[in-house]
Amino acid sequence: MIIEQLYTNCLAEAAYYIESEGEAAIIDPIRETEPYLQKLGSRKAKLKYVFETHFHADFVSGHLDLAKKTGAEIVFGPLADPKYKIHSARDGEHFSVGKVRLKVLHTPGHTPESSCFLLVDENGKDHCVFTGDTLFVGDVGRPDLLDGVITKEELAGNLYDSLNNKIKTLADSVIVYPAHGPGSACGKNIGSETWSTIGLQKKTNYALQDMSKEKFTQLVAGDLSAPPSYFFNDASINKNGYANIDQVLEQNTKALSPEEFQKEIDKGALVLDNRNPEIFEKEFIPGSINIGLQGQFAIWAGTLIDIKQPLLIIAEQGKETESILRLARVGYENVKGILQGGIQHWKQKGMPLDSIQSISAEKFAQLIKANQPAILDVRKPSEYMQGHLEGAENSELAALNNNIDKLDKNQNYYVHCAGGYRSMIAASMLKAKGFKKIINVSGGYLGVMACLPKAQA
């Protein structure tokens with residue numbers, strides 16, 4: 001028996017590969033199929049099933065393309081009713097993969113069709129459970145993604161029943177394999193680990209403690225930040241079907257000359273520059289938004305940019321296809337093209353460039369000691385509450401588009417996050433909106449705190 005977690009940091013998402021006796025199953029695959037096909041080929045295994053724990057909202061699943069290329073059967077739990085052929089499993093139904101079995105546990109709550117898959121090993125022992133978005137390490141799936149079709153309170157009540165009747169009853173030794181890790185917006189505050197055990201979660205996960213359904217509903221459904229708008233689009237895409245990923249890559253990797261690139265800008269396309277922040281800041285096309293490819297690129301693109309917005313891509317040489325692929329993972333396919341030759345070609349044509357000033361954490365710490373500059377902290381409110389610089393204004397990056405009009409364009413803002421990745425995204429957004437006096441704090445809050453006496457925080 002082989003069980004392998006295939007984790008994609010960009011999405012904070014975990015897919016799973018299961019193999020026994022030459023038969024294989026994959027749970028919650030991401031959109032591109034090549035990694036799975038390579039694994040199957042190298043193992044000389046036949047894919048029998050593609051299991052989906054629910055209609056994912058935060059990424060486009062690869063179940064359709066994978067099934068078409070391998071002949072595998074797509075399996076959802078009860079209540080799934082997509083626009084394509086699937087096996088809609090019964091609660092408690094078993095599926096054999098070699099000498100192991102996967103048992104369907106219908107666990108509505110995150111969504112009505114949400115299901116977990118309990119793996120029973122060749123000795124008949126419950127070995128692990130693939131919990132999808134029902135149970136995370138330290139958290140549970142948010143119950144507010146049905147867009148008013150079912151209230152979050154009703155779904156939270158369903159989740160309470162699912163956890164108490166299906167999950168907490170499993171043996172403490174059963175391994176928990178969730179669909180997401182830290183950074184995902186599918187939970188409130190997912191823990192740093194990507195797997196756990198039922199026993200450990202019963203001890204440490206707030207949602208698995210003994211409490212009334214009313215108390216649970218208040219905890220799980222209360223104080224939820226608004227989900228990224230693309231979540232509703234992706235859930236619909238996963239339910240209704242999508243274009244083949246190979247076609248998307250072919251259509252969206254069109255190379256544009258600087259002149260053609262400018263014409264698309266004039267038509268309203270947004271320049272998404274995914275070079276590293278320290279490279280981007282030195283020179284970029286005016287109006288560009290920087291979301292570095294080295295971070296959670298897809299998640300932040302989905303959070304900050306409308307899914308219908310036409311996009312133009314600037315990437316480091318050799319990273320063009322990866323850029324398109326990672327956007328497609330979250331359903332962003334309206335890409336007009338990529339700047340041929342990159343920013344150097346743009347410069348050679350003598351076309352306009354902009355820049356963002358940065359200050360090191362050490363110099364910024366010295367500046368704070370001397371006076372009180374205007375500080376914009378773009379971390380999450382929870383991060384801000386755990387500790388912040390004196391006088392800092394908190395405007396989290398995820399909501400910056402909604403709050404940008406509340407900021408003073410004439411103010412000289414020093415922008416920081418925890419380490420510098422999010423602050424450059426924010427600085428580029430502010431620049432694009434006409435803010436002229438923006439300074440990015442390299443190294444972020446953590447860097448500054450390492451240079452400051454504790455009394456300054």
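Keep in mind that the numbers below use all heavy atoms, side chains included, and drop hydrogens, waters and symmetry copies.
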Run the salt bridge (charged side-chain N to carboxylate O under 4.0 Å, His left out) test against K308 and tell me which residues pass, sequence neighbours left out.
none

Do [Y] and [X] have ring centroids that are under 6.0 Å from one another?
X   : Y   : value
F51 : F95 : yes
F76 : F55 : yes
H63 : Y84 : yes

Any [X] side-chain heavy atom under 4.5 Å of [Y] side chain:
X    : Y    : answer
N238 : V60  : yes
K83  : K239 : no
H416 : L376 : no
L430 : L407 : yes
D65  : Y242 : yes
T321 : L249 : yes
L272 : F297 : yes
L159 : K152 : no

Rounded to the nearest 0.5 Å, how far does [atom2] of [Y] lie from [atom1] of [X]?
X    : Y    : atom1 : atom2 : answer
S88  : E93  : OG    : CD    : 9.0 Å
L135 : L170 : CG    : CG    : 10.0 Å
E34  : L66  : CD    : CG    : 10.5 Å
D234 : I307 : CG    : CD1   : 5.0 Å
I438 : I356 : CD1   : CD1   : 8.0 Å
I26  : I74  : CD1   : CD1   : 12.0 Å

Where the side chain of [X] meets the backbone of [Y], is there a donor-acceptor pair that is under 3.5 Å apart?
X    : Y    : result
N394 : V378 : no
Q209 : K202 : yes
S288 : F284 : no
E153 : Q218 : no
K409 : F435 : no
S115 : E113 : yes
H180 : A12  : yes
R142 : A185 : yes
S162 : P108 : yes
R31  : A328 : yes

Verdict with reasoning, I314 to F261, per side-chain contact (heavy atoms from CB on, under 4.5 Å):
CA-CA 10 Å; I314 294 180; F261 206 78; 3.9 Å; yes

So that I can tick it off, tell me whether [Y] and [X] are bridged by a salt bridge, with the cut-off set at under 4.0 angstrom between side-chain N and carboxylate O.
X    : Y    : value
D161 : K213 : yes
E383 : R422 : yes
E23  : K48  : yes

Ignoring hydrogens and angles, state whether a donor on the side chain of [X] or [Y] is under 3.5 Å from an acceptor on the partner side chain.
X    : Y    : value
E52  : S61  : yes
N158 : E154 : no
H110 : D133 : yes
Y49  : E73  : no
S323 : N274 : yes
Q386 : Y384 : no
D139 : Y206 : yes
K166 : T107 : no

Which residues pass the side chain to side chain donor-acceptor pair (under 3.5 Å) test with [X], not counting sequence neighbours?
X    : value
E4   : K39
S184 : none
T131 : none
D28  : T53, H56

Please assess M424 against F280 for the test side-chain contact (heavy atoms from CB on, under 4.5 Å), listing each intermediate value before the final yes or no.
CA-CA 9 Å; M424 186 57 75; F280 169 84; 4.1 Å; yes

Do the numbers put R379 on top of the ring of Y445, so that NZ or CZ is under 6.0 Å from the six-membered ring centre and no more than 45° off the axis?
yes

Within 45° of the ring axis of Y332 and under 6.0 Å from its six-membered ring centre, is that where the NZ or CZ of R326 lies?
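No; the conditions do not both hold, so R326 does not lie above the ring face of Y332.
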
Using side-chain contact (heavy atoms from CB on, under 4.5 Å), reason through E316 and I279 one step at a time and then give a plain yes or no.
CA-CA 10 Å; E316 293 288 351; I279 296 173; 3.4 Å; yes

Do you know the tightest heavy-atom contact between A171 and I198?
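Where A171 meets I198 most closely, the heavy atoms are O-CB, 3.4 Å.
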
Is there a salt bridge (Lys or Arg N to Asp or Glu O under 4.0 Å) between K69 and D246 once you walk through the steps?
CA-CA 12 Å; K69 291 183 177 182; D246 299 325; 3.1 Å; yes

Residue pair L397, L304: steps toward the side-chain contact (heavy atoms from CB on, under 4.5 Å) verdict
CA-CA 8 Å; L397 176 59; L304 299 171; 4.1 Å; yes

CA sep, side-chain torsions, deciding dist, call: K103, D91, salt bridge (Lys or Arg N to Asp or Glu O under 4.0 Å):
CA-CA 8 Å; K103 180 183 178 181; D91 186 29; over 6 Å; no

Please identify which of these residues, L339, I313, L312, I338, meets the side chain to side chain contact (heavy atoms under 4.5 Å, CB included) condition with L256.
L312

Test salt bridge (Lys or Arg N to Asp or Glu O under 4.0 Å) on E322 and K319 and set out the steps.
CA-CA 5 Å; E322 180 184 349; K319 295 291 186 179; 3.5 Å; yes

In terms of relative ring orientation, are F130 and Y177 parallel, tilted or perpendicular, with 30° and 60° separating the classes?
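Ring orientation of F130 relative to Y177: parallel.
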
Residues in side chain to side chain contact (heavy atoms under 4.5 Å, CB included) contact with A361, at least two apart in sequence or another chain
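With neighbours one apart ignored, the set is V448.
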
